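Heads up, the thing below is written out as structure tokens.
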2 protein chains.
Amino acid sequence: MKRIAESTVRRLSLYLRFLEDFEERGLATISSDELAARGGTTSAQVRKDLSFFGSFGKRGLGYAVPELASRLRDILGLGREWHVIIIGAGKIGSALAQYRGFTQRGFHVVGVYDSDPAKIGKRIDGFSVRDLATLERDVAREDVDIAVLTVPAEAAQQVVTRVVKAGIGAVMNFAPVQLHVPEHIALKNVNMAMELEGLSFALANRTGLDE
Amino acid sequence: MKRIAESTVRRLSLYLRFLEDFEERGLATISSDELAARGGTTSAQVRKDLSFFGSFGKRGLGYAVPELASRLRDILGLGREWHVIIIGAGKIGSALAQYRGFTQRGFHVVGVYDSDPAKIGKRIDGFSVRDLATLERDVAREDVDIAVLTVPAEAAQQVVTRVVKAGIGAVMNFAPVQLHVPEHIALKNVNMAMELEGLSFALANRTGLDE
DNA sequence: ACATGTGAACTGCTTCACAGCG
DNA sequence: CGCTGTGAAGCAGTTCACATGT
């Protein structure tokens, strides 16, 4: 398959969200124009994004809402349930473990880990916090797809190395450090400080940077 | 001033983090090559990024660490303290209000808001949760720079409209919706679900998308 | 007539390669 | 000589514009 730009994938996520909204409201078809307006992009962009994966529309008409939604779910790999572990049972980790939007979209948290003895064994939203030392053993038999890292910056690289070695192929990193992982591992960074500094830059330079 | 790419600003944030690390360890100079290796980019990229703002290096030598760090702080607008309000005192909002990294980098939380009577008046890490109804009045006299939105998706657009009208120029949106704001407002979206779907896509298509 | 699907043109970010200077 | 600073080249993502299908 051709390489798909990250920006394209983000937009597909967005389109899917709109389509699900339309689906609920019982709308049958939607045009690239309407999707674009809602997502703050252009109709050409919408059509181009979809065209990488096939021809889902009807000329002169638009797209069948439920069908396109279904195709997007397939493309995004949302047809199945993904198993997620959260490493780091601090404030953010705990908030994420309880986050509804996770489960709603097929991301099932199967474990929460920490290395702090004071936290191990504690209950968080139904999960008993596990000892990070058991990571490798657990992963070997539990089939984990995604690891969410909410550990301190100092520990993050070491933890991600273990995670990768354990065979997990996707990582979402909340620690404010740049992680180095092998080419074939999918890595996403969520870096609060960096986002804030982006806003700070915009304010200091009076530049809009609307997304 | 010339328009600066968002990707450039992100990297500047990153460079600054490395420089502060080097600063602590007492290193005097650093080359674009070393910065690049650490940040997963190229030396040419580093030099190009910096060149938009001036010539900070010494040929044959590299960059003076404390000086470059200081210049970057200026560029990123980190020389001053920014006043932040958090709107939405749910799980994420509360976690953010208590987040150390905020204050550490000059982002000072001056208020937490909610519209739920059950939450108003409650204490979160030293803040008494305020009634969202008082937003406009408070902002008028408190000089708020940045609003962080951790409200439900349905409320987000309405809230951001009020925030903008109240005169706040920068918004960080955690709600999983696309917000529409005037051109001159700086807006950043942090969308967990979308990030996860990016990972899901990568897993489903066995594509790396390392950042 | 209307809206999709897509090569072609365009824009802008990244990489190259080298002149310039310590 | 080493490393910066930067025009020029290369490349990737976006936008244009129109042929195509209903």
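Basis for what follows: all heavy atoms, side chains included, without hydrogens, waters or symmetry-related copies. Here the structure is a predicted model, which is why all the values come from computation and not from measurement. Residue numbering restarts at 1 for every chain, and letters A, B, ... go by the order of the sequence lines.
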Using atom NZ of A/K48 as one end and atom P of D/dT15 as the other, report the distance to the nearest whole Å. 12 Å
Can you see if the side chain of B/S7 gets near the phosphate of C/dT14 - specifically, an N or O under 4.0 Å from OP1 or OP2? yes
Scan side-chain atoms only and decide if B/S13 and B/R17 contain a donor-acceptor pair under the 3.5 Å cut-off. no
Check the phosphate of C/dG22 against B/Y63, side-chain N and O only, distance under 4.0 Å to OP1 or OP2. Yes or no? no
Sorted by position of nearest nucleotide on DNA chain D, 5' first, the leading residue of B/I30 and A/A5 is B/I30
Whether B/S31 contacts D/dC3 is assessed here as follows: a side-chain N or O lying under 4.0 Å from the phosphate OP1 or OP2. Is that the case? no
Steps toward side chain to side chain donor-acceptor pair (under 3.5 Å) verdict (A/Q45, A/T42): CA-CA 5 Å; A/Q45 182 74 78; A/T42 66; 5.3 Å; no
What is the distance from OH of B/Y15 to P of D/dT4, rounded to the nearest Å? 12 Å
Closest-nucleotide ordering on DNA chain D, the 5'-leading residue of B/S55 and A/T8: B/S55
Nucleotide C/dG12, atom P - distance to CD1 of B/I4 in whole Å: 13 Å
Cation-pi check, B/R38 to B/F22: give yes when NZ or CZ is under 6.0 Å from the six-membered ring centre and within 45° of the ring axis, no otherwise. yes
Gap between atoms CD and P, on B/E34 and D/dT4 respectively (whole Å): 9 Å
Rounded to whole angstrom units, what separation is found between the CZ atom of B/R47 and the C1' atom of D/dG2? 11 Å
Is a side-chain donor-acceptor pair under 3.5 Å present for B/S94 with B/Q98? no
Pair B/Y15 and B/F18, ring centroids less than 6.0 Å apart: no
So, does A/Q45 get its side chain near the phosphate of D/dG13, meaning an N or O under 4.0 Å from OP1 or OP2? no
What's the CG-P distance between B/L61 and D/dC1, to the nearest Å? 17 Å
Distance below 4.0 Å between A/S32 side-chain N/O and C/dT4 OP1 or OP2: yes
Atom CG of B/L68 and atom P of D/dT4 are separated, to the nearest Å, by 11 Å
Decide yes or no, distance alone: a donor-acceptor N/O pair under 3.5 angstrom between the base of D/dT20 and the side-chain of A/R59. yes
Rounded to whole Å, CG of B/L50 lies from P of C/dT14 at a distance of 13 Å
Would you mind telling me which residue lines up with the more 5' stretch of DNA chain C, B/R11 or A/F56, judged by nearest nucleotide? A/F56
